[in-house]
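Before any comments, here is the structure.
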Number of protein chains: 2
Amino acid sequence: MIYSSELIKGTLKTIVLKLLEDNNRMYGYEITQKVKELTFDKIQITEGALYPTLHVLEEDGLVTTELEYNGKRVRKYYTLSPEGKSKTKEKVSELADFMNTMKFLLDIKTQSA
Amino acid sequence: MIYSSELIKGTLKTIVLKLLEDNNRMYGYEITQKVKELTFDKIQITEGALYPTLHVLEEDGLVTTELEYNGKRVRKYYTLSPEGKSKTKEKVSELADFMNTMKFLLDIKTQSA
DNA sequence: CTTCAATGCATTGGTTTCTTATGTATCTTT
DNA sequence: AAAGATACATAAGAAACCAATGCATTGAAG
């Protein structure tokens, strides 16, 4: 089962920030694979979604980048900036809070009965 | 605190379906107030978002409607159709599953350490 | 040795979904 | 009488994602 794509909307940026927080330094393709692995293929980030998101994070100063060459193949590594780190905490805690609220909404009957 | 609007994306339809499942029969404005109340003002559904969503649910045959007059003021009541009921179960369980996955993603460090 | 899959970057066009703003009208409270 | 709440609705625009495409390198399989 793969989640319908609407669900990813709004959470992608937070997912990426959280992964960077946990792994310090990652490149784009690595992120797609890590998410796929960690979610047992339930979330598959498309490149058309990921790269624009990474570029926005960079424009906003939340990440810094450095190019690295393995032979001739280039990798663009992303690392959280100080602002990126605090923004990550914000976004993660907001999402956690949101999920609690949603859980409450979805379980109304069980909880009130 | 009100959640940043990106978070609502993708969950609105499921929220509406779930409320209709719990309350059997609701009209639009009532839904906005109920969500506001149940989430302690953290989620505020705008009418510009809600009404198009309700119309789509109707077009898709997931809800049926009936107009009712309180004096001259009209209310449009929405009720889940049989397809709507099964669709609701689908969507709610998908969202619950998604939230578990997200929770796992956000807690990686805690869980692996 | 060549072809296909995987790795790695990126952009473009299109759709969905929501926001903001606006419009109309009724009812209630001050 | 006016303002705010109730109640419907639409329209223009932005945001965020998907699907498709493109380019290039590397590794594995035949």
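Residue numbers begin at 1 in each chain, while the letters A, B, ... track the order of the sequences.
Near DNA chain D, meaning a heavy atom under 4.0 Å away, the residues from residues 5-16 of chain A are A/Ser5, A/Ile8, A/Lys9, A/Gly10, A/Leu12. For the segment residues 40-54 of chain A, residues with any heavy atom less than 4.0 angstrom from an atom of DNA chain D are, sorted by number, A/Thr46, A/Gly48, A/Ala49, A/Thr53. The stretch residues 83-99 of chain A does not touch DNA chain C, since none of its heavy atoms comes less than 4.0 Å from the strand.
With hydrogens and angles left out, the side-chain atoms of A/Thr65 and A/Glu58 include a donor and acceptor closer than 3.5 Å.
The shortest side-chain heavy-atom distance between B/Thr79 and B/Leu20 does not fall under the 4.5 Å cut-off. The closest side-chain heavy-atom distance from A/Ile8 to B/Phe98 is below 4.5 Å.
When each of A/Tyr78, A/Tyr77, A/Tyr51 is paired with A/Tyr27, the ring pair (Phe, Tyr, Trp, His ring centres under 6.0 Å) condition holds for A/Tyr77 and for no other.
Between B/Glu30 and B/Lys76 there is no salt bridge, since no side-chain N of the basic residue sits under 4.0 Å from a carboxylate O of the acidic one. Ion pairing of B/Glu66 with B/Arg25 is present here, as a side-chain N (NZ or NE/NH1/NH2) and a carboxylate O approach within less than 4.0 Å. Salt-bridge annotation for A/Asp97 and B/Lys42: present, with a side-chain N of the basic residue lying under 4.0 Å from a carboxylate O of the acidic one. A salt bridge is defined here as a Lys NZ or Arg NE, NH1 or NH2 lying under 4.0 Å from an Asp or Glu carboxylate O, and A/Lys91 with B/Glu6 meets this definition.
Remark: C1' of C/dC9 and CD of A/Gln33 are 14 Å apart, rounded to the nearest angstrom. In this entry the distance linking OH of B/Tyr69 with C1' of D/dT6 reads 16 Å, nearest Å. For the pair B/Lys34 NZ and D/dA7 C1', the interatomic distance rounds to 18 Å; values are reported in whole Å. Rounded to whole angstrom, the span from the CG atom of A/Asn70 across to the C1' atom of C/dA6 amounts to 15 Å. The CD-C1' distance, from A/Glu30 to C/dA6, rounds to 15 Å in whole Å. Atom CG of A/Leu67 is separated from atom P of C/dG8 by 14 Å (rounded to the nearest Å). Rounded to whole Å, the distance from NE2 on B/His55 to C1' on C/dT16 is 17 Å. Atom CD1 in A/Ile31 sits about 12 Å away from atom P in C/dG8, given to the nearest Å.
Comparing C/dT26, D/dT25, D/dA9 by their nearest atom to the side chain of A/Lys72 picks out D/dT25. Checking C/dT26, D/dA9, C/dG8 against the side-chain heavy atoms of A/Tyr29 singles out C/dG8 as nearest.
Taking every heavy atom of both residues into account, A/Leu80 and A/Leu17 meet most closely at CD2-CD2, 3.7 Å. Scanning all heavy atoms of the two residues, the minimum distance from B/Glu47 to B/Pro52 falls at O-CD, 3.8 Å.
Residue-to-nucleotide proximity on DNA chain C shows that, of B/Arg73 and B/Val56, the 5′-proximal contact is made by B/Val56.
Between the side chain of B/Gln44 and the main chain of B/Ile2, no donor-acceptor pair closer than 3.5 Å is present.
The same ILVMFWY cluster, assembled from side-chain heavy atoms under 4.5 Å apart, contains both A/Met1 and A/Val35.
Taking 4.0 angstrom as the limit, A/Tyr27 places a side-chain polar atom (N or O) nearer than this to OP1 or OP2 of C/dG8.
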